Protein chains: 2
Amino acid sequence: MANRSENAPFAYDGLDRVFHEKARLGIVTSLIGHPKGLAFSDLKQLCGLTDGNLSRHIQVLQDAGLVAVHKGYERNRPHTRCELTDLGRKRFADYLAVLEKVVKNAADAAERSEEPDPDKVGWKPA
Amino acid sequence: MANRSENAPFAYDGLDRVFHEKARLGIVTSLIGHPKGLAFSDLKQLCGLTDGNLSRHIQVLQDAGLVAVHKGYERNRPHTRCELTDLGRKRFADYLAVLEKVVKNAADAAERSEEPDPDKVGWKPA
DNA sequence: GCAAATAACTTTACTATACAAAGTACACGT
DNA sequence: ACGTGTACTTTGTATAGTAAAGTTATTTGC
(Lines give C-alpha, C1' and ligand atoms only; values in the text may rest on other atoms or scores of the structure.)
Protein backbone atom coordinates (compact mmCIF):
# COMPACT_ATOMS: atom_id res chain seq x y z
CA MET A 1 0.00 0.00 0.00
CA ALA A 2 0.83 3.65 -0.18
CA ASN A 3 2.41 5.70 2.57
CA ARG A 4 1.66 6.42 6.20
CA SER A 5 -1.57 8.22 5.29
CA GLU A 6 -3.15 4.85 5.90
CA ASN A 7 -2.74 5.47 9.60
CA ALA A 8 -2.22 9.20 9.58
CA PRO A 9 -5.12 10.82 7.77
CA PHE A 10 -3.93 14.32 8.67
CA ALA A 11 -0.32 13.97 7.60
CA TYR A 12 -0.83 15.86 4.30
CA ASP A 13 2.22 14.34 2.70
CA GLY A 14 1.22 15.74 -0.65
CA LEU A 15 1.75 19.37 0.35
CA ASP A 16 4.83 20.09 -1.74
CA ARG A 17 7.12 22.44 0.16
CA VAL A 18 8.04 24.30 -2.99
CA PHE A 19 4.46 25.38 -3.58
CA HIS A 20 3.42 25.59 0.04
CA GLU A 21 4.81 29.03 0.62
CA LYS A 22 2.98 32.34 0.56
CA ALA A 23 5.21 34.07 -1.94
CA ARG A 24 5.59 31.12 -4.31
CA LEU A 25 1.90 30.38 -4.12
CA GLY A 26 1.29 33.90 -5.35
CA ILE A 27 3.81 33.57 -8.14
CA VAL A 28 2.40 30.29 -9.38
CA THR A 29 -1.24 31.33 -9.20
CA SER A 30 -0.28 34.43 -11.16
CA LEU A 31 1.51 32.38 -13.77
CA ILE A 32 -1.20 29.81 -14.16
CA GLY A 33 -3.49 32.48 -15.54
CA HIS A 34 -0.92 33.72 -18.03
CA PRO A 35 0.26 30.88 -20.27
CA LYS A 36 2.46 33.27 -22.23
CA GLY A 37 4.36 34.04 -19.06
CA LEU A 38 4.85 37.18 -17.03
CA ALA A 39 7.70 39.63 -16.70
CA PHE A 40 9.75 40.00 -13.54
CA SER A 41 8.30 43.42 -12.83
CA ASP A 42 4.76 42.21 -13.43
CA LEU A 43 5.17 39.42 -10.92
CA LYS A 44 6.73 41.83 -8.49
CA GLN A 45 3.64 44.01 -8.60
CA LEU A 46 1.09 41.23 -8.66
CA CYS A 47 2.59 39.45 -5.68
CA GLY A 48 3.73 42.49 -3.74
CA LEU A 49 7.26 41.17 -3.43
CA THR A 50 10.59 42.92 -3.22
CA ASP A 51 13.13 42.41 -5.98
CA GLY A 52 15.34 40.22 -3.86
CA ASN A 53 12.57 38.00 -2.65
CA LEU A 54 11.10 37.50 -6.08
CA SER A 55 14.48 36.71 -7.57
CA ARG A 56 15.15 34.10 -4.94
CA HIS A 57 11.75 32.44 -5.20
CA ILE A 58 11.86 32.30 -8.97
CA GLN A 59 15.23 30.60 -8.65
CA VAL A 60 13.75 27.99 -6.32
CA LEU A 61 10.90 27.32 -8.71
CA GLN A 62 13.30 27.14 -11.62
CA ASP A 63 15.67 24.76 -9.84
CA ALA A 64 12.70 22.53 -9.17
CA GLY A 65 11.88 22.58 -12.86
CA LEU A 66 8.47 24.09 -12.25
CA VAL A 67 8.90 27.38 -14.08
CA ALA A 68 10.96 28.27 -17.12
CA VAL A 69 12.86 31.53 -17.16
CA HIS A 70 13.62 33.36 -20.37
CA LYS A 71 16.15 36.14 -20.12
CA GLY A 72 16.40 38.65 -22.91
CA TYR A 73 16.36 42.32 -23.78
CA GLU A 74 13.42 44.54 -24.48
CA ARG A 75 13.62 48.25 -25.17
CA ASN A 76 17.35 47.96 -24.47
CA ARG A 77 16.75 46.76 -20.94
CA PRO A 78 17.06 43.31 -19.42
CA HIS A 79 13.74 41.56 -19.47
CA THR A 80 13.00 38.30 -17.70
CA ARG A 81 9.92 36.32 -18.58
CA CYS A 82 8.71 33.41 -16.45
CA GLU A 83 6.20 30.75 -17.32
CA LEU A 84 5.04 27.50 -15.83
CA THR A 85 6.48 24.35 -17.29
CA ASP A 86 4.24 21.40 -18.05
CA LEU A 87 5.66 19.68 -14.99
CA GLY A 88 4.91 22.77 -12.93
CA ARG A 89 1.35 22.86 -14.13
CA LYS A 90 0.85 19.21 -13.34
CA ARG A 91 2.50 19.33 -9.94
CA PHE A 92 0.56 22.41 -8.99
CA ALA A 93 -2.68 20.69 -9.89
CA ASP A 94 -1.70 17.89 -7.53
CA TYR A 95 -0.86 20.38 -4.81
CA LEU A 96 -4.17 22.14 -5.27
CA ALA A 97 -6.00 18.85 -4.94
CA VAL A 98 -4.43 18.36 -1.52
CA LEU A 99 -5.28 21.92 -0.53
CA GLU A 100 -8.88 21.29 -1.46
CA LYS A 101 -8.81 18.20 0.68
CA VAL A 102 -7.54 20.25 3.61
CA VAL A 103 -10.32 22.76 3.19
CA LYS A 104 -12.91 20.03 2.87
CA ASN A 105 -11.56 18.10 5.85
CA ALA A 106 -11.78 21.20 7.95
CA ALA A 107 -15.22 22.14 6.77
CA ASP A 108 -16.54 18.64 7.44
CA ALA A 109 -14.95 18.45 10.86
CA ALA A 110 -16.19 21.87 11.88
CA GLU A 111 -19.67 20.88 10.79
CA ARG A 112 -19.61 17.59 12.65
CA SER A 113 -18.49 19.26 15.84
CA GLU A 114 -21.43 21.66 15.70
CA GLU A 115 -23.50 18.82 17.12
CA PRO A 116 -21.39 18.05 20.19
CA ASP A 117 -22.71 14.53 20.67
CA PRO A 118 -19.73 12.49 21.86
CA ASP A 119 -21.06 9.27 20.33
CA LYS A 120 -21.19 10.75 16.86
CA VAL A 121 -17.53 11.72 16.38
CA GLY A 122 -15.99 9.65 13.63
CA TRP A 123 -12.68 8.83 15.21
CA LYS A 124 -12.34 7.28 18.61
CA PRO A 125 -9.15 7.68 20.69
CA ALA A 126 -7.42 4.49 21.81
CA MET B 1 -7.94 51.71 2.19
CA ALA B 2 -6.71 48.34 3.29
CA ASN B 3 -3.26 46.95 2.57
CA ARG B 4 -1.20 46.33 -0.55
CA SER B 5 -3.71 43.77 -1.83
CA GLU B 6 -5.20 46.72 -3.66
CA ASN B 7 -2.33 46.52 -6.09
CA ALA B 8 -1.10 43.02 -5.37
CA PRO B 9 -3.97 40.60 -5.81
CA PHE B 10 -1.70 37.59 -5.36
CA ALA B 11 0.07 38.68 -2.21
CA TYR B 12 -2.03 36.44 0.08
CA ASP B 13 -1.29 38.48 3.15
CA GLY B 14 -3.91 36.58 5.11
CA LEU B 15 -1.99 33.30 5.06
CA ASP B 16 -1.02 33.15 8.72
CA ARG B 17 2.42 31.60 9.05
CA VAL B 18 1.43 29.71 12.16
CA PHE B 19 -1.24 27.74 10.33
CA HIS B 20 0.47 27.65 6.96
CA GLU B 21 2.67 24.69 7.77
CA LYS B 22 2.11 21.06 6.89
CA ALA B 23 2.44 19.68 10.39
CA ARG B 24 0.43 22.39 12.14
CA LEU B 25 -2.23 22.25 9.47
CA GLY B 26 -2.67 18.60 10.32
CA ILE B 27 -2.81 19.24 14.03
CA VAL B 28 -5.40 21.97 13.71
CA THR B 29 -7.61 20.12 11.27
CA SER B 30 -7.50 17.18 13.63
CA LEU B 31 -8.45 19.34 16.58
CA ILE B 32 -11.24 21.17 14.83
CA GLY B 33 -13.17 17.92 14.59
CA HIS B 34 -12.69 17.12 18.26
CA PRO B 35 -14.01 19.93 20.45
CA LYS B 36 -13.16 17.97 23.59
CA GLY B 37 -9.55 17.94 22.56
CA LEU B 38 -7.11 15.21 21.65
CA ALA B 39 -4.29 13.51 23.52
CA PHE B 40 -0.64 13.92 22.56
CA SER B 41 -0.40 10.33 21.39
CA ASP B 42 -3.59 10.62 19.38
CA LEU B 43 -2.30 13.66 17.53
CA LYS B 44 0.99 11.90 16.98
CA GLN B 45 -0.76 9.06 15.21
CA LEU B 46 -3.29 11.14 13.32
CA CYS B 47 -0.66 13.49 11.93
CA GLY B 48 2.16 11.00 11.51
CA LEU B 49 4.56 13.14 13.52
CA THR B 50 7.49 12.22 15.73
CA ASP B 51 7.32 13.06 19.42
CA GLY B 52 9.78 15.90 19.14
CA ASN B 53 8.11 17.49 16.17
CA LEU B 54 4.67 17.32 17.69
CA SER B 55 5.91 18.77 20.96
CA ARG B 56 7.51 21.69 19.18
CA HIS B 57 4.52 22.47 16.98
CA ILE B 58 2.08 22.29 19.87
CA GLN B 59 4.28 24.76 21.68
CA VAL B 60 4.17 27.16 18.76
CA LEU B 61 0.40 26.92 18.57
CA GLN B 62 0.13 27.37 22.31
CA ASP B 63 2.42 30.40 22.35
CA ALA B 64 0.25 31.94 19.67
CA GLY B 65 -2.78 31.36 21.88
CA LEU B 66 -4.44 29.14 19.30
CA VAL B 67 -4.58 25.89 21.25
CA ALA B 68 -4.93 25.23 24.96
CA VAL B 69 -2.82 22.51 26.55
CA HIS B 70 -3.97 20.62 29.62
CA LYS B 71 -1.33 18.55 31.32
CA GLY B 72 -2.39 15.91 33.81
CA TYR B 73 -2.09 12.26 34.71
CA GLU B 74 -4.13 9.35 33.52
CA ARG B 75 -3.53 5.72 34.44
CA ASN B 76 -0.43 6.87 36.32
CA ARG B 77 1.15 8.32 33.23
CA PRO B 78 1.48 11.90 32.04
CA HIS B 79 -1.34 12.79 29.74
CA THR B 80 -1.48 15.94 27.63
CA ARG B 81 -4.72 17.06 26.06
CA CYS B 82 -4.86 19.79 23.44
CA GLU B 83 -7.84 21.69 22.18
CA LEU B 84 -8.46 24.70 20.00
CA THR B 85 -9.13 27.96 21.76
CA ASP B 86 -11.93 30.22 20.56
CA LEU B 87 -9.31 32.49 19.09
CA GLY B 88 -7.74 29.52 17.35
CA ARG B 89 -11.05 28.47 15.87
CA LYS B 90 -11.74 31.97 14.62
CA ARG B 91 -8.28 32.56 13.20
CA PHE B 92 -8.29 29.21 11.48
CA ALA B 93 -11.61 30.03 9.85
CA ASP B 94 -10.00 33.20 8.49
CA TYR B 95 -7.02 31.22 7.26
CA LEU B 96 -9.27 28.70 5.57
CA ALA B 97 -11.13 31.48 3.81
CA VAL B 98 -7.87 32.63 2.26
CA LEU B 99 -6.99 29.08 1.29
CA GLU B 100 -10.29 28.76 -0.47
CA LYS B 101 -9.56 31.98 -2.30
CA VAL B 102 -6.25 30.55 -3.44
CA VAL B 103 -7.90 27.43 -4.75
CA LYS B 104 -10.60 29.46 -6.45
CA ASN B 105 -8.11 31.90 -7.96
CA ALA B 106 -6.14 29.03 -9.39
CA ALA B 107 -9.17 27.22 -10.72
CA ASP B 108 -10.48 30.37 -12.39
CA ALA B 109 -7.11 31.22 -13.87
CA ALA B 110 -6.54 27.72 -15.16
CA GLU B 111 -9.96 27.75 -16.76
CA ARG B 112 -9.45 31.15 -18.38
CA SER B 113 -6.16 30.09 -19.87
CA GLU B 114 -7.81 27.08 -21.52
CA GLU B 115 -9.04 29.52 -24.16
CA PRO B 116 -5.75 31.12 -25.11
CA ASP B 117 -7.30 34.27 -26.56
CA PRO B 118 -4.89 37.08 -25.64
CA ASP B 119 -7.68 39.67 -25.59
CA LYS B 120 -9.64 37.81 -22.97
CA VAL B 121 -7.07 37.66 -20.19
CA GLY B 122 -8.19 39.74 -17.27
CA TRP B 123 -4.93 41.40 -16.40
CA LYS B 124 -2.83 43.28 -18.93
CA PRO B 125 0.90 43.80 -18.38
CA ALA B 126 2.12 47.37 -18.51
C1' DG C 1 13.72 -6.96 43.19
C1' DC C 2 16.56 -5.57 39.47
C1' DA C 3 17.25 -4.72 34.52
C1' DA C 4 15.44 -3.79 30.34
C1' DA C 5 11.78 -2.00 27.73
C1' DT C 6 8.04 1.09 26.90
C1' DA C 7 5.32 5.45 27.30
C1' DA C 8 5.08 10.18 27.14
C1' DC C 9 7.00 13.76 26.49
C1' DT C 10 11.11 17.78 26.43
C1' DT C 11 15.48 19.72 25.12
C1' DT C 12 19.19 20.37 22.21
C1' DA C 13 21.41 20.70 17.89
C1' DC C 14 21.47 21.08 13.08
C1' DT C 15 20.03 22.52 8.78
C1' DA C 16 17.37 24.81 5.53
C1' DT C 17 15.36 28.91 3.89
C1' DA C 18 12.59 33.13 3.81
C1' DC C 19 13.37 37.74 3.83
C1' DA C 20 15.89 42.10 3.81
C1' DA C 21 19.69 44.94 2.67
C1' DA C 22 23.28 45.96 -0.12
C1' DG C 23 25.43 45.43 -4.61
C1' DT C 24 25.85 45.30 -9.82
C1' DA C 25 24.96 46.72 -14.49
C1' DC C 26 23.06 49.36 -17.88
C1' DA C 27 20.37 53.12 -19.97
C1' DC C 28 18.41 57.67 -20.12
C1' DG C 29 17.61 62.52 -19.15
C1' DT C 30 19.97 67.06 -18.31
C1' DA D 1 29.66 63.45 -16.57
C1' DC D 2 26.54 62.72 -13.28
C1' DG D 3 22.79 61.50 -10.93
C1' DT D 4 18.47 58.88 -11.26
C1' DG D 5 15.77 54.93 -12.34
C1' DT D 6 15.11 50.20 -13.92
C1' DA D 7 16.03 45.47 -13.57
C1' DC D 8 17.70 42.39 -11.47
C1' DT D 9 21.57 39.37 -8.29
C1' DT D 10 24.26 38.34 -4.27
C1' DT D 11 25.08 38.18 0.45
C1' DG D 12 23.89 37.90 5.20
C1' DT D 13 21.04 36.97 9.02
C1' DA D 14 17.51 35.36 11.81
C1' DT D 15 13.78 32.30 12.04
C1' DA D 16 12.03 27.84 12.34
C1' DG D 17 11.27 22.99 10.93
C1' DT D 18 13.10 18.47 11.83
C1' DA D 19 15.96 14.81 13.77
C1' DA D 20 18.50 13.02 17.57
C1' DA D 21 19.30 12.59 22.18
C1' DG D 22 17.75 13.19 26.89
C1' DT D 23 14.34 12.84 30.88
C1' DT D 24 11.15 10.76 34.01
C1' DA D 25 8.24 7.35 35.46
C1' DT D 26 6.04 2.85 34.95
C1' DT D 27 5.35 -1.60 33.68
C1' DT D 28 7.21 -6.44 32.45
C1' DG D 29 10.50 -10.31 32.09
C1' DC D 30 13.78 -13.09 34.58
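Each chain gets a letter, A, B and so on, in the order its sequence line appears, and its residues count up from 1. Quick caveat, the model's predicted, so the values are computed rather than measured.
- Within the structure, every pair that satisfies the salt bridge (Lys or Arg N to Asp or Glu O under 4.0 Å) test and touches residues 57-81 of chain B, not counting sequence neighbours, is listed here: B:R81-B:E83.
- The phosphate of D:dG17 (OP1 or OP2) has no side-chain N or O of B:R17 nearer than 4.0 angstrom.
- Residues passing the side chain to side chain donor-acceptor pair (under 3.5 Å) test with B:K101: none are found, sequence neighbours excluded.
- Rounded to whole angstrom, the span from the CG atom of A:L38 across to the P atom of D:dC8 amounts to 13 Å.
- For the pair B:E21 and A:T80, both in contact range of DNA chain D, the more 5′-proximal nearest nucleotide belongs to A:T80.
- B:V67 is listed as a side-chain neighbour of B:V69, based on a closest heavy-atom distance under 4.5 Å.
- Look at CZ on B:F19: it is 17 Å from C1' on D:dA16, rounded to the nearest Å.
- Side-chain contact between B:V102 and B:F10: absent, with no pair of heavy atoms (C-beta onward) separated by less than 4.5 Å.
- Residues A:F40 and A:C82 have side chains not in contact (no heavy-atom distance under 4.5 Å, counting atoms from C-beta outward).
- Listed here is the closest heavy atom pair of A:R17 and B:K22: CD-CD, 3.8 Å.
- Using a 4.0 Å cut-off on heavy atoms, the residues of residues 64-79 of chain B that approach DNA chain C are B:K71, B:R77, B:P78, B:H79, listed by number.
- Looking at residues two or more places apart in sequence or on another chain, you find a side chain to side chain donor-acceptor pair (under 3.5 Å) between B:T29 and A:Y12.
- Here the range on DNA chain C touched by chain B, meaning any atom under 4.0 Å from one of its heavy atoms, is C:dA7 to C:dC19.
- Evaluation of the side-chain contact (heavy atoms from CB on, under 4.5 Å) rule for B:V60 yields B:V18, B:R24, B:R56 as partners, not counting sequence neighbours.
- Listed by residue number, B:D51, B:G52, B:S55 are the residues of residues 50-63 of chain B with a heavy-atom contact under 4.0 Å to DNA chain C.
- When all heavy atoms of A:L66 and A:L84 are compared, the pair lying nearest together is O-CD2, 3.5 Å.
- Using a 4.5 Å cut-off on side-chain heavy atoms (C-beta onward), A:L49 and A:I27 make contact.
- Look at CD1 on B:I27: it is 10 Å from P on D:dT18, rounded to the nearest Å.
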Donor-acceptor pairs under 3.5 angstrom involving side-chain atoms of residues 87-94 of chain A: please list them, not counting sequence neighbours.
{"unit_1": "A:K90", "atom_1": "NZ", "unit_2": "A:D94", "atom_2": "OD2", "d": "3.2"}

